[in-house]
Amino acid sequence: MAKYDETSIKILEGLEAVRKRPGMYIGSTDKRGMHHLVWEIVDNAIDEVINGYGNHIKVIINKDGSVTVADNGRGVPIGMHESGKSTPEVIYTILHAGGKFSEAGYKVSGGLHGVGASVVNALSKEMQVVIYRDGLISSIEFCDGGKVKSPLKTVGKSNKTGTIVKFLPDPEIFKNCNFSFTTISERMQENAFLQKNLTVEVIDEADKKEVKYHYDNGLISFVEYMNEDKETLHKVINFSNVKSKIEVDIAMQYTNSYNESILSFVNNVKTSDGGTHEVGFKTGITKAFNDYAKNNNLFKSKDGTLDGADVREGLSAVISLKIPEELLQFEGQTKGKLGTPEARSVTESITYESLKFFLEENKEVALTILDKAMKSKVAREAARKAREDARNGKNKSKIEKNLSGKLAPAQSKNPKINELFLVEGNSAGGSAKGGRDRKFQAILPLRGKVINGEKASMDDLMKNEEINTIIHTVGAGVGQSFDAADSNYDKVIIMTDADVDGAHIQVLLLTFFYRYMRGLIEAGKLYIAMPPLYKLEAGKKRFYAYTDEELNELKRENPGKVSIQRYKGLGEMNPEQLWETTMNPDTRSLIRVNINDASLAEKRVSVLMGDKVEPRKDWINENVEFTMEDDYRA
Ligand code: 28F
């Protein structure tokens, strides 16, 4: 490795630019953007570990809203830079001082992140960096978006090495945000899965919560974790190999569920949109299983083949590649898709060869998986036929009759403005029909509990009346044929009671949308309505509170005699009240359902929907927030 060179730091732009347009650097200034600050700092610590320095990373959410990240790597160099400033000052105040990760001979990690620590500083009210290195403890402090408050100075002596960064996001930039222990610990756990020697700790000082992750079995543990609440068909299959300088490590396991869940990483950075490595993996497993089936006469007809989708039913897999910098290529707007062409052929051949060998050695496992794949093939062919029948007008009148009884359609036929409310229960449906603006709002009351999306197969789902009605009302197809552009509605809004049952129905519906109409979520068209929890009347004035805090505030603002009603269900509101509080675009709040992390959503969905009761109970009590990230006021 080349010696790092402090002159290699490039000085490109001032921190002002970052403060002017934060979105350009961290995506957004909501909760997600604020967490991005943590990832930037954590990624630097991870890089140090990937390079073989240090094995422990700690993240602390402090009581004052700041975050501390610490590693036990080499410590940021503390010498002087040619500019007359200390190296840490340069690194933390000059944008793209990330010469660090390339010219400095410091091996690149992901190549995806790395807009760097200076961006975090630019967007922080306070930042402190403490460095353990060269027998010294050195500290530098910044404030107000990267102004030096106290230059680098020695504050003590120590034989330890490492870097500690503490920062407080600027409240003027991140409004009403706070750090989430769950979000941070989930991401850190992922890091621990990918880096066998790493121990991570996450501590929430405010809520007194603490977790520690360390996995000796890496990807195997990752897949076991993904399938924790599912019924698995065999032990995790794990293989790895290196070809053309590309290192491939894969773990995979089938469950009795109907869903596939493939996660991929390149140099420890998640490739959310897949890319050439995923394509190669899929081709590799399809070939390996087809070969095996053919060679063992498992096909009924001579020209039988299994589709990729059949071979992936019930599959959970993690693909991790290490690619040298010169071969790295990312695509897509968020650079979450691997473009490197070699990654495709390398992953395909490693997968094919390793799996072929495995199947030959493990006949029982091979037959179990193939039996499932064959069943999938039969079911999918049946579903395809049913869809074709529907397209050709068969059964059409039946569907329309079904719809006409339940759906209260909007007068407008404009998919750019129309809204569809999915309403729990018939009585609430009645209020919603009475209260809505019929010009653009349609109401679909749902009876009973919607079918469980995790356990049901596509076939079962299509037979369920509630689900069928939703599919036909939205009118944009389902599963692989779903296209959000065909949706009859700009917003599909789930409206349930604000109680545990309501939360459960929400989750069932979310599961269904997540599995079978994911495009609707990705297009930002799925919402959750927020009915008020309380009505407070003071004299002639009437107020609504959506949280307990709001209620307390209202009580403070209206001293004296007040009457408070707690709404147990939507049905308790009359149509006018429901309109005013929950449906009127001028006064309501909606939560936009936002799945930014399929793996975690997947995990949550299976915790909730899987066979085991305990995790489900805990989840409902703790996480009514689910995958809803931003509070979107429409
Ligand atoms: C809590 C966050 O940021 N850890 C880091 C290092 C180590 C080196 C380094 C970082 C040198 C010249 C830029 C040390 N010794 N944790 C962290 N640990 N950065 S950030 O180098 C930065 C470059 O320009 C390091 C030798 N080489 C590199």
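What you see below is based on every heavy atom in this structure, not just the backbone, and it leaves out hydrogens, waters and symmetry mates. As the structure lists them, so they are numbered: ligands from 1, and atoms in each ligand from 1.
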Numbering as shown, the atoms of ligand 1 that approach [X] to under 4.0 Å (heavy-atom distance):
| X | value |
| --- | --- |
| Arg133 | 14 (C), 15 (N) |
| Ile41 | 1 (C), 2 (C) |
| Glu48 | 6 (C), 7 (C), 8 (C), 18 (N) |
| Val69 | 1 (C) |
| Ile91 | 13 (C), 22 (C) |

Next on the checklist: Yes or no: does Gly73 have any heavy atom under 4.0 Å from an atom of ligand 1?
Outcome noted: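 Checking ligand 1 against Gly73, which is what was asked, there is no heavy-atom contact under 4.0 Å.
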Checklist entry - At a 4.0 Å cut-off, with the gap strictly under it, does some heavy atom of Gly75 reach an atom of ligand 1? => result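 Flag set, Gly75 near ligand 1.
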Checklist entry - With a 4.0 Å heavy-atom cut-off (strictly under), which part of Glu40 contacts ligand 1: side chain, backbone, both or neither? => result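 Glu40 to ligand 1: no contact under 4.0 Å from either part.
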Next on the checklist: My understanding is that only residues two or more places apart in sequence, or in another chain, count here; which of them pass side-chain hydrogen bond (donor to acceptor under 3.5 Å, both in side chains) with Asp216?
Outcome noted: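 If we apply the side-chain hydrogen bond (donor to acceptor under 3.5 Å, both in side chains) test to Asp216, skipping adjacent residues, the hits are His214.
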Next on the checklist: I'd like to check whether Asp71 has a polar contact with ligand 1, where a contact means an N/O of the residue lying under 3.5 Å from an N/O of the ligand.
Outcome noted: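 Looking only at distances, the answer is yes, because the N/O contact criterion of under 3.5 Å is met.
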Checklist entry - Does Phe239 have its ring centroid less than 6.0 Å away from the ring centroid of Phe358? => result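 Not under 6.0 Å, so no.
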Checklist entry - Is it the case that more than 12 heavy atoms not belonging to Lys208 sit under 6.0 Å from its NZ atom? => result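 More than 12 within 6.0 Å, yes.
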Next on the checklist: Would you say CD of Glu205 has more than 12 non-hydrogen atoms from neighbouring residues, nucleotides or ligands within 6.0 angstrom?
Outcome noted: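 Yes, enclosed.
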Next on the checklist: With a 4.0 Å cut-off on N to O distance, would you call Lys149 and Glu126 a salt bridge?
Outcome noted: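 Answer for the salt bridge query: yes.
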Checklist entry - Side chains of Ile323 and Leu338: closer than 4.5 Å at any heavy-atom pair? => result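 Yes - at least one pair of side-chain heavy atoms lies under 4.5 Å apart.
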Item to check | Side-chain H-bond candidate by donor/acceptor type, Ser349 with Lys243, under 3.5 Å | outcome: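 Yes, side-chain donor-acceptor contact under 3.5 Å.
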